[in-house]
Amino acid sequence: MKIGYPCLNLTLPCQNSQTFRLASYSQKRFLATVNNNLDCLLETLQYNREKGILFFRITSGLVPFASHPVCRVDWPVVFRDKFKAIGRFIKKEKMRTSMHPGHFTLLNSLRTTVWRRSIKEIEYHVDVLDLLGLDNSHKIQIHVGGVYNDKEESLKRFIETYKKLSPKLKKRLVIENDENSYNADDCLRISKATKMPIVFDVFHHQLYNQGEDLKEIIKEIFLTWRKKDGIPIVDYSSQDANKKRGAHTEGIDLENFNKFLEITQDVDYDIMLEIKDKAKSALEALGFIGHSPLASKLY
DNA sequence: TCACGTCAAGCAGAT
DNA sequence: ATCTGCTTGACGTGA
């Protein structure tokens, strides 16, 4: 088991997702920003390595406007060496990474422009992981998308669009259950048709499920991961007691976390902690497991 | 230096 | 009808 946090390190002085307004786009600005973001990504990974955090979600903001027509810089070529160096570090330290394109990425949209743009956006994410030279256990996770007043049709549309994607996109893509449109069971149906692995989001499942036994559904979901996909990925968070339903906690709730660990003690997976304070909670979780009977699960 | 209106992109649920 | 949340708040103008 590796423990991770998403995108952003709140203690480092650098920013790995620096951006700018579309209106202020210039080639110079773009190049300087990507250069900064890549340097900061490496710094963040170095920080993680020092702390023993071996799983990390790379921000989609790494290359701003990468999939937008305004960007005509051949950034994969310009930054090839820098990507390669970061990738070498990730591989040397046996880290795992993932990416999570934004909520505008909708393969099952009814609008052609939307799903076409979404494919471009996924291609950008694939380019990042490919440039880093990472194998296909480094995943890109997306949600199924909208319902558009007809879930059956929308689910089918997702499958059909997925099937048309090129192999290099298919190898990276995984789906994640969400909290109001497509639950774990829906994802399993899609996985049966597409062979896509499923990222199990514990908190989303808690908010939207079909009353399945947690242990059972996890077992079934983990079967969607094949050897070349790496071990399953789990997204973990829990409810902020003081905020409305669906709000992630500020800091990790170790009691709740421990319950999940106990339920899943027989299986191995990497866990992404979607907690507001990010690395802080990841460190707490590491310390907690390190002093528990599950310490041998960490590597 | 700071406050705050706005920012590439879509959808669903809450109010 | 309008607001909020989601991958991740952060840019940038005006004072």
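Chain naming here is simple, since letters A, B, ... match the order of the sequence lines and numbering starts at 1 in each. These numbers come from a predicted model, not from an experiment.
By the salt bridge (charged side-chain N to carboxylate O under 4.0 Å, His left out) test, A:Lys168 pairs with A:Asp127, sequence neighbours left out. Residues passing the ring-ring contact (aromatic ring centres under 6.0 Å, His included) test with A:Phe79: none are found, sequence neighbours excluded. In this view, A:Lys82 and A:Asp39 satisfy the salt bridge (charged side-chain N to carboxylate O under 4.0 Å, His left out) rule, not counting sequence neighbours.
Taking the six-membered ring where the residue is Trp, A:Phe200 and A:His205 present tilted rings, their angle falling between 30° and 60°.
A:Arg157 and A:Ser154 are linked by a side-chain donor-acceptor pair at a separation below 3.5 angstrom, with hydrogens and angles left out of the test.
Distance, A:Lys276 NZ to C:dT8 P: 7 Å, rounded to whole Å. Here the P atom of nucleotide C:dG5 and the NE2 atom of A:His204 are 14 Å apart, to the nearest Å. Spacing between atom CG of A:Leu8 and atom C1' of C:dA10 amounts to 10 Å, rounded to whole angstrom units. Taking atom CD1 of A:Ile142 as the reference point, atom P of C:dC6 lies 19 Å away to the nearest angstrom. Straight-line distance from the OH atom of A:Tyr208 to the C1' atom of B:dA12: 12 Å, rounded to whole Å. Taking atom CG of residue A:Asp178 and atom C1' of nucleotide C:dT4, one finds them 16 Å apart after rounding to whole Å. When rounded to the nearest whole Å, the span between CG of A:Asp201 and C1' of C:dC6 equals 11 Å. Between the C1' atom of C:dG9 and the CD atom of A:Gln15 lies a distance of 9 Å, rounded to the nearest Å.
Sorted pairs that involve residues 150-189 of chain A and meet ring pair (Phe, Tyr, Trp, His ring centres under 6.0 Å), not counting sequence neighbours, are lacking altogether. Residue pairs that meet the side-chain hydrogen bond (donor to acceptor under 3.5 Å, both in side chains) test with at least one member in residues 278-290 of chain A, sequence neighbours left out, are A:Asp277-A:Ser281. Applying the salt bridge (Lys or Arg N to Asp or Glu O under 4.0 Å) test to pairs two or more places apart or on separate chains, none has a residue in residues 12-33 of chain A. Residues in residues 259-291 of chain A take part in these ring pair (Phe, Tyr, Trp, His ring centres under 6.0 Å) pairs, two or more places apart or across chains: A:Phe222-A:Tyr269, A:Phe260-A:Tyr269.
Across all strands shown, A:Gly145 has no heavy atoms under 4.0 Å from either base or sugar-phosphate atoms. A:Glu274 comes within contact range of no nucleotide atom at all, as no heavy-atom separation falls under 4.0 Å. Contacts of A:Arg29 with the nucleic acid, taken as non-hydrogen atoms under 4.0 Å apart, involve only primed sugar atoms and P, OP1 or OP2. Residue contacts for A:Val70: at a heavy-atom cut-off of 4.0 Å it reaches no nucleic acid atom on any strand shown. Residue contacts for A:Lys120: at a heavy-atom cut-off of 4.0 Å it reaches no nucleic acid atom on any strand shown.
When the C1' atom is used for both C:dT8 and B:dC7, the distance is 14 Å, rounded to whole Å. Rounded to the nearest Å, the gap between the P atom of B:dG10 and that of C:dC11 is 22 Å. With C1' as the reference atom, C:dC3 and B:dT6 are 15 Å apart, rounded to whole Å. For C:dG9 and C:dG5, the C1' atoms lie 13 Å apart once the distance is rounded to whole Å. Between B:dC11 and C:dA10, the distance separating the two P atoms is 26 Å to the nearest Å.
Through direct or relayed side-chain contacts under 4.5 Å between Ile, Leu, Val, Met, Phe, Trp and Tyr, A:Phe203 connects to A:Leu207.
Between A:Glu212 and A:Lys219 no salt bridge is recorded (no basic side-chain N to carboxylate O distance below 4.0 Å). Note on A:Glu153 versus A:Lys156: salt bridge recorded, some NZ/NE/NH1/NH2 to OD/OE distance being below 4.0 Å. Electrostatic pairing of A:Lys139 and A:Asp270 does not count as a salt bridge here, judged by no charged N lying under 4.0 Å from a carboxylate O.
In this model, the phosphate group of C:dG12 is approached by a side-chain N or O of A:Ser24 to a distance below 4.0 Å at OP1 or OP2.
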### Query
Step by step, would you call A:His204 with A:His143 a side chain to side chain contact (heavy atoms under 4.5 Å, CB included)?
CA-CA 11 Å; A:His204 288 163; A:His143 292 291; 3.9 Å; yes
### Message
Between A:His138 and A:His125, is the ring-ring contact (aromatic ring centres under 6.0 Å, His included) condition met? List the steps.
### Response
CA-CA 11 Å; A:His138 299 253; A:His125 287 77; over 10 Å; no
### Structure string for DNA chain B in dot-bracket form, Watson-Crick and G-U at under 3.5 Å, | interchain
|||||||..||||||
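Residues from residues 231-240 of chain A placing a heavy atom under 4.0 Å of any atom in DNA chain B do not occur. Within residues 48-62 of chain A, the residues that have a heavy atom under 4.0 Å from DNA chain C are, in order of number, A:Arg57, A:Thr59, A:Ser60, A:Gly61.
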## Note on the structure
Each nucleotide of nucleotides 2-10 of chain B classed B (base within 4.0 Å of a protein heavy atom), S (only sugar-phosphate) or -, in 5' to 3' order, makes ---BBBBBB
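Among C:dG12, C:dA10, C:dC6, the nucleotide with an atom closest to any side-chain atom of A:Glu179 is C:dC6.
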